[in-house]
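Everything below concerns the one structure shown next.
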2 protein chains.
Amino acid sequence: MKKAEATRLAILQKAFELIYVKGYQTTSIDDILASTQVTKGAFYYHFRNKDEMGVAIINELMNPVLMSSFIEPLKKVEDPLEAIYNLMHNLLMENEFLKVEYGCPAANFTQEMTPWNADFSKILNELTQQWIKVMSAAITKGKEKGYVRKDVNAKQVTMFVMSGYWGVRNFGKLENSKKPYLAYLKELKAYLDSLK
Amino acid sequence: MKKAEATRLAILQKAFELIYVKGYQTTSIDDILASTQVTKGAFYYHFRNKDEMGVAIINELMNPVLMSSFIEPLKKVEDPLEAIYNLMHNLLMENEFLKVEYGCPAANFTQEMTPWNADFSKILNELTQQWIKVMSAAITKGKEKGYVRKDVNAKQVTMFVMSGYWGVRNFGKLENSKKPYLAYLKELKAYLDSLK
DNA sequence: TGTAAAAAATACCAATCAGTATCTTTTATG
DNA sequence: CATAAAAGATACTGATTGGTATTTTTTACA
């Protein structure tokens with residue numbers, strides 16, 4: 001039962017790549033099969049249907065990356081404002097996994113699948129809520145430690161910052177350039193400084 | 001030549017509605033025909049193909065609304081910070097044209113069509129650049145008039161604010177609630193005040 | 001090594017897609 | 001009112017879609 005797991009993973013990984021570039025709906029199962037050399041029999045042995053594969057991509061590929069790249073960096077940090085800026089800088093400028101011309105996979109999925117697919121929305125919303133929770137907890141702790149002004153609303157700041165991230169991904173995609181990222185990051189720094 | 005224009009407009013309007021809800025790729029021409037009682041012959045008399053219809057939707061339906069709702073309110077304003085806040089409040093909370101569960105039509109289009117369709121991207125990018133231009137011009141003028149601090153970077157602020165708008169639309173869509181909008185708007189106000 | 005279950009291959013299906021060819025009706029204008 | 005062009009209706013095409021039924025190969029293990 002080793003090779004079977006390998007084909008399953010090959011399907012998921014290639015499907016993710018194609019979906020990240022072309023979108024979920026326009027990536028056909030035949031596309032995936034053609035670029036993996038996997039046959040239809042094998043595909044439908046591993047997944048009941050296309051949507052089950054989509055859910056597996058979110059749970060088994062995207063979730064771990066989101067945890068390690070988006071959420072973990074915000075846990076147990078001293079200065080939350082510094083941590084948030086570094087996180088955003090990493091995600092936008094350094095992370096080689098996230099390509100400017102294709103945007104953010106999680107945002108793409110959300111945009112495309114919501115509201116017509118409730119299953120996908122639910123999973124994606126749970127992931128997002130986790131991110132919100134961790135970021136606002138970091139800010140709250142930062143208030144206690146004196147890194148953040150007492151009158152700052154942690155949840156509001158979180159929504160503000162995260163919205164900016166998702167939105168600027170759209171701009172980068174549209175212009176196919178990292179220029180919007182740079183402008184966003186500079187102003188993000190100025191904004192975060194105003195919370196000290 | 002009056003009724004013909006009416007059918008053409010009927011196609012565009014219904015197609016826009018369907019695309020706003022379901023997305024461009026998943027809205028088939030047959031879907032549009034079924035919900036308009038227009039026949040295929042009529043459709044292909046008015047549009048060479050599906051993409052030409054898509055471009056017409058952007059140019060003839062979305063463009064005028066974007067001009068009047070997004071761009072005009074920023075022209076010839078006294079206090080740009082106040083104007084920006086009012087604009088965002090209007091777009092997110094009052095505009096009955098933009099439904100929370102379906103997000104922002106322009107953002108949806110951008111997300112879905114970029115990068116695989118260069119024509120769509122180009123038009124959408126031009127519209128976006130217009131918005132950027134007008135907003136940053138308003139801020140620059142606001143600096144001269146003393147409404148905005150001199151050390152504020154107009155272009156950066158514009159990118160920051162617009163990114164937030166596009167991003168928070170995604171959150172509203174995902175949660176199917178205006179709650180994220182309220183948090184975003186409150187923090188937007190605090191941020192804009194920090195620019196005074 | 002024999003064998004049953006797991007895994008994969010092959011060939012097919014009905015539905016749907018964007019688009020076309022051809023024919024009919026409606027409209028504007030002399 | 002005649003008539004040509006505009007507008008619309010009908011029936012079809014080939015390609016592609018997600019999915020299924022059936023058969024073959026591979027694997028694990030007694």
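The figures here come from the full heavy-atom set of this structure, side chains too, leaving out hydrogens, waters and symmetry mates. So you know, we letter chains A, B, ... as the sequences are listed, proteins then strands, and number each from 1.
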(request) Give every residue pair that meets the salt bridge (Lys or Arg N to Asp or Glu O under 4.0 Å) criterion with at least one member in residues 13-26 of chain A, sequence neighbours excluded. (result) A:K14-A:E17, A:K22-A:D31

(request) Have a look at A:Y44 and say if it touches a base, only the backbone sugar-phosphate, or nothing, with a 4.0 Å heavy-atom cut-off. (result) base

(message) Counting only heavy atoms and a strict 4.0 angstrom limit, can you tell me which residues of residues 48-58 of chain A come near DNA chain D?
(response) A:N49, A:K50

(request) Mind calculating the distance between CZ (B:R8) and P (C:dT26) to the nearest angstrom? (result) 23 Å

(request) If a pair satisfies side-chain hydrogen bond (donor to acceptor under 3.5 Å, both in side chains) and one of its residues is in residues 46-58 of chain A, list it, with sequence neighbours excluded. (result) A:T7-A:H46, A:Y24-A:D51, A:R48-A:E52, A:D51-A:N117

(request) Any salt bridge (Lys or Arg N to Asp or Glu O under 4.0 Å) involving residues 148-172 of chain B? Give me the pairs, sequence neighbours left out, ordered by first then second residue. (result) B:R149-B:D151

(request) Name the residue closer to the 5' end of DNA chain D, choosing between A:Q25 and B:A42 according to the nucleotide with the nearest heavy atom. (result) B:A42

(message) Can you pull out every salt bridge (Lys or Arg N to Asp or Glu O under 4.0 Å) where at least one residue sits in residues 66-85 of chain B? Sequence neighbours excluded, please.
(response) B:E72-B:K75, B:E78-B:K145

(message) Suppose we screen for side-chain contact (heavy atoms from CB on, under 4.5 Å). Which residues come up paired with B:K179, at least two apart in sequence or across chains?
(response) B:S177

(message) I'd like to know if A:K196 pairs up with A:D193 as an ion pair, taking the criterion as any Lys NZ or Arg NE/NH1/NH2 lying under 4.0 Å from an Asp or Glu carboxylate oxygen.
(response) yes

(message) Can you pull out every side-chain hydrogen bond (donor to acceptor under 3.5 Å, both in side chains) where at least one residue sits in residues 94-106 of chain A? Sequence neighbours excluded, please.
(response) A:H89-A:E94

(request) Could you identify which residues of residues 27-41 of chain B place a heavy atom less than 4.0 Å from some atom of DNA chain D, listed by residue number, or say none? (result) B:T39, B:K40, B:G41

(message) The criterion is side-chain hydrogen bond (donor to acceptor under 3.5 Å, both in side chains); which residues satisfy it with A:Y184, sequence neighbours excluded?
(response) none

(request) Output yes when at least one side-chain N/O atom of B:H46 is less than 4.0 Å from OP1 or OP2 of D:dA6, else no. (result) no

